[in-house]
**Student:** 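Input: one structure, supplied below.
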Amino acid sequence: LIHIPEPWNCELLLTQPNNAKDIYGDYKNGKIDYSTVSQKIDEINNTNLVNSDISTIIFNTDNLRESRMSYKRGEEYEKSKDYLNAIIQFSNVIKDDSDYIKAQKYITSISPSCKKNVLRDIDDCLKKKDFQKAVDLANSAKSAFPNDEDIQSRLDNANNLLDSQRKSEEKKRIESLKNSQEVSVVNISTTSDNLLNDVYLIVKVKNNTNKMVKKYTVTWMGFDSNGYPVETGWLSPQKVKSGSAEENIAPGKTSPSDSGFQLTGGWDKTVQAKTFIACVESAEYYDGSTWDNEYYDYWLNEYQDKQYH
């Protein structure tokens, strides 16, 4: 038996290639809308008789649809006198679009005055030290004037000033965290016991709260005579070493004990570190509350694995 396709399938088989080629032309000339394009393409796909031109038609149709939307958005920006965004939208209009020439004429006519105004606005932002707004405005201007040296110069300057501003603000924030520590290191020294002559690190801390400190954890680092980090601590020496202490420290007072963290043991009494720094990591109070030092991570990042000056 020979299978004869249904009549509608035969018709599609014969007409589908020509229809596929005409879809984009009809859409370009305004004979059909985008939803009709999608419907026709779906009908062709559903027959499993997909023409090689279909993918190109879909690509071109989507580009033309986006181009027409850009032109409409450009007109809306023009009406609201937002000329910079109007230029950006009109720049997205493609040559296949019937409004391409009109879009290009508008760009040519408005660009000189628009550029002058946007440069003035960027300079005003820089004077007011609103560097983020200056960067945003310069980036938008670059979309409208991609190869303009004046716009690029303003953008580079604004980015540099914004970076410096952020670094300055971050430095102030870190300094504020350092000065507002609930429990802070006030003195570091070393001592030796009289019996075994072992060396201990004594870290004095101050309670800057109105609560009674029960326990705290402190982290320290040691550096040699040239300022390079060295391992410290007995049994398990490390370049960044932590230890906990249980001490009752009254509000506004410093740690009363002279006991410390052991640095040497056994026969070797050598301590390579000549300089020590330390920071409180956390604390526990008798009222049950705890404190984690926000400054600690910044302190660690500043000194860990770096030469100490």
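Please read these numbers as outputs of a predicted model, since none were measured by experiment. We use all heavy atoms of the structure for the numbers below, so side chains are in, but hydrogens, waters and symmetry mates are not.
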**Student:** Check the side chains of T36 and K31 for a donor-acceptor pair under 3.5 angstrom, ignoring hydrogens and angles.
**Tutor:** no
**Student:** Check this for me: does any side-chain nitrogen of one of E294 and K178 sit under 4.0 Å from a carboxylate oxygen of the other?
**Tutor:** no
**Student:** Strictly distance-based, threshold 3.5 Å: is any side-chain N or O of D163 a donor or acceptor partner for the main-chain N or O of N159?
**Tutor:** no
**Student:** Search all heavy atoms of F276 against all heavy atoms of L263 and return the closest pair with its distance.
**Tutor:** CZ-CD1, 3.7 Å
**Student:** Salt bridge between K102 and D99, side-chain N to carboxylate O under 4.0 Å?
**Tutor:** yes
**Student:** Rounded at 0.5 Å granularity, tell me how far CE in M212 sits from CG in D287.
**Tutor:** 11.0 Å
**Student:** Quick one: do N248 and V213 satisfy side chain to side chain contact (heavy atoms under 4.5 Å, CB included)? Show the steps, please.
**Tutor:** CA-CA 5 Å; N248 296 338; V213 171; over 6 Å; no
**Student:** Under a 3.5 Å cutoff, is there a donor and acceptor pairing between the side chains of T270 and D268?
**Tutor:** yes
**Student:** Quick check: closest heavy atoms across C279 and W299, and the distance to 0.1 Å?
**Tutor:** CB-CD2, 3.4 Å
**Student:** With a 3.5 Å distance limit and no angle check, can you tell me whether S111 reaches the backbone of I107 through a side-chain donor-acceptor pair?
**Tutor:** yes
**Student:** Quick one: pull up CD in E170 and NZ in K167 and give me the separation to the nearest 0.5 Å.
**Tutor:** 11.5 Å
**Student:** Look at atom CD of Q272 and say whether more than 12 heavy atoms of other residues, nucleotides or ligands are closer to it than 6.0 Å.
**Tutor:** no
**Student:** Is the distance from the ring center of Y83 to that of Y77 below 6.0 Å?
**Tutor:** no
**Student:** Between Y27 and D33, do the side chains contain an N or O donor and an N or O acceptor separated by less than 3.5 Å?
**Tutor:** no
**Student:** Any side-chain heavy atom of M221 sitting closer than 4.5 Å to one from Q304?
**Tutor:** yes
**Student:** Quick check: does any side chain N or O of D193 sit under 3.5 Å from a backbone N or O of D198, one acting as donor and the other as acceptor?
**Tutor:** yes
**Student:** Are the side chains of S244 and K215 in contact, using a 4.5 Å heavy-atom criterion?
**Tutor:** yes
**Student:** At what distance, to the nearest 0.5 angstrom, does OG1 of T264 lie from CG of N197?
**Tutor:** 7.5 Å
**Student:** Quick one: pull up NZ in K133 and SG in C125 and give me the separation to the nearest 0.5 Å.
**Tutor:** 5.0 Å
**Student:** When you measure from the side chain of K204 to the backbone of S255, do you find a donor-acceptor pair of N or O atoms at a distance under 3.5 Å?
**Tutor:** yes
**Student:** Kindly give the heavy-atom pair with the smallest separation between G222 and A273, and that separation in Å.
**Tutor:** CA-CB, 3.8 Å
**Student:** A quick test of your reading: do over 12 heavy atoms of other residues, nucleotides or ligands sit less than 6.0 Å from CZ of F59?
**Tutor:** no
**Student:** So how far is it from K269 NZ to L196 CG, rounded to the nearest 0.5 Å?
**Tutor:** 5.5 Å
**Student:** Do any N or O atoms from the side chain of N139 and from the backbone of V135 form a donor-acceptor pair under 3.5 angstrom?
**Tutor:** yes
**Student:** For a side chain to side chain contact (heavy atoms under 4.5 Å, CB included) check, start with the C-alpha distance between Q181 and L177, then their side-chain angles and the critical distance, and finish with the verdict.
**Tutor:** CA-CA 6 Å; Q181 295 176 93; L177 290 174; over 6 Å; no
**Student:** Looking only at the side chains, is there a donor atom on one of N85 and Q89 sitting less than 3.5 Å from an acceptor on the other?
**Tutor:** no
**Student:** Determine, stepwise, if the pair N92 / S67 fulfils side-chain hydrogen bond (donor to acceptor under 3.5 Å, both in side chains).
**Tutor:** CA-CA 6 Å; N92 293 328; S67 173; over 6 Å; no
**Student:** Are T191 and S189 close enough that some pair of their side-chain heavy atoms sits under 4.5 Å apart?
**Tutor:** no
**Student:** Is there a chain of hydrophobic side chains (I, L, V, M, F, W, Y, each step under 4.5 Å between heavy atoms) that links L162 to L155?
**Tutor:** yes
**Student:** Decide side chain to side chain contact (heavy atoms under 4.5 Å, CB included) for L300 and V240; before the verdict, give the C-alpha distance in whole Å, the side-chain angles of both, and the deciding distance to 0.1 Å.
**Tutor:** CA-CA 9 Å; L300 197 65; V240 179; 3.9 Å; yes
**Student:** For the hydrophobic clusters of this structure (ILVMFWY residues joined by side-chain heavy atoms under 4.5 Å, transitively), does one cluster hold both I202 and V185?
**Tutor:** no
**Student:** Would you confirm whether S180, through its side chain, and S176, through its main-chain N or O, come within 3.5 Å as a donor-acceptor pair?
**Tutor:** yes
**Student:** Is there a path from I277 to Y200 through hydrophobic residues (I, L, V, M, F, W, Y) whose side chains come within less than 4.5 Å of each other?
**Tutor:** no
**Student:** Looking at every non-hydrogen atom in both residues, tell me the closest pair between N207 and I249 and how far apart they are.
**Tutor:** ND2-O, 3.0 Å
**Student:** Evaluate the side-chain proximity of L137 to V118: yes if any heavy-atom separation is below 4.5 Å, no if none is.
**Tutor:** yes
**Student:** So for atom CD, which belongs to E149, do other residues, nucleotides or ligands contribute more than 12 heavy atoms lying within a distance under 6.0 Å?
**Tutor:** no
**Student:** Is a side-chain N or O of N179 found less than 3.5 angstrom from the main chain of E175, in a donor-acceptor match?
**Tutor:** yes
**Student:** Under the criterion ring-ring contact (aromatic ring centres under 6.0 Å, His included), which of Y298, F223, Y308 is the partner of Y303?
**Tutor:** Y308
**Student:** Is it true that a side-chain atom of N226 and a backbone atom of Y228 form a donor plus acceptor pair closer than 3.5 Å?
**Tutor:** no
**Student:** By the salt bridge (Lys or Arg N to Asp or Glu O under 4.0 Å) test, which pairs, at least two apart or in different chains, include something from residues 104-126?
**Tutor:** K115-D148, K115-D150, D123-R154
**Student:** Can you find a pair of side-chain heavy atoms, one from S70 and one from E66, that are under 4.5 Å apart?
**Tutor:** yes
**Student:** Please determine whether residues V218 and I188 belong to a single hydrophobic cluster, defined as Ile, Leu, Val, Met, Phe, Trp and Tyr linked transitively by side-chain heavy-atom distances below 4.5 Å.
**Tutor:** yes
**Student:** Check whether the side chains of T219 and Y296 place a donor and an acceptor atom closer than 3.5 Å, and report yes or no.
**Tutor:** yes
**Student:** Any side-chain heavy atom of S236 sitting closer than 4.5 Å to one from K241?
**Tutor:** yes
**Student:** On the six-membered ring of Y285, is K211 placed so that its NZ or CZ lies under 6.0 angstrom from the centre and within 45° of the ring axis?
**Tutor:** yes
**Student:** Same cluster or not: M69 versus Y100, using hydrophobic residues (I, L, V, M, F, W, Y) connected whenever any side-chain heavy atoms lie under 4.5 Å apart?
**Tutor:** no
**Student:** Show the nearest heavy-atom pair for residues V280 and N293, with the distance to one decimal.
**Tutor:** O-ND2, 2.8 Å
**Student:** Are F261 and W220 near enough that their ring centres are under 6.0 Å apart?
**Tutor:** yes
**Student:** So do D305 and K239 actually touch side chain to side chain, heavy atoms under 4.5 Å?
**Tutor:** yes
**Student:** Which atom names give the shortest non-hydrogen contact between Y106 and I87, and what distance separates them?
**Tutor:** CE2-CG1, 4.4 Å
**Student:** So, D292 and S282: side-chain donor and acceptor under 3.5 Å apart, yes or no?
**Tutor:** no
**Student:** Which pairs count as salt bridge (Lys or Arg N to Asp or Glu O under 4.0 Å) when at least one residue sits in residues 223-237, sequence neighbours excluded?
**Tutor:** none
**Student:** Do we see a donor-acceptor contact under 3.5 Å between the side chains of K142 and Q152?
**Tutor:** yes
**Student:** Could you check whether any side-chain heavy atom of V205 comes within less than 4.5 Å of a side-chain heavy atom of T254, counting everything from C-beta outward?
**Tutor:** no
**Student:** Less than 6.0 angstrom separating the ring centers of Y71 and F90, yes or no?
**Tutor:** yes
**Student:** Please check: side-chain N/O of N117 versus main-chain N/O of S113, any donor-acceptor pairing under 3.5 Å?
**Tutor:** yes
**Student:** After noting the C-alpha distance and the side-chain angles of E182 and N208, does the key distance pass the side chain to side chain contact (heavy atoms under 4.5 Å, CB included) rule?
**Tutor:** CA-CA 5 Å; E182 292 189 8; N208 301 306; 5.6 Å; no
**Student:** How long is the straight-line distance from CG of L84 back to CD1 of I88, given to the nearest 0.5 Å?
**Tutor:** 4.5 Å
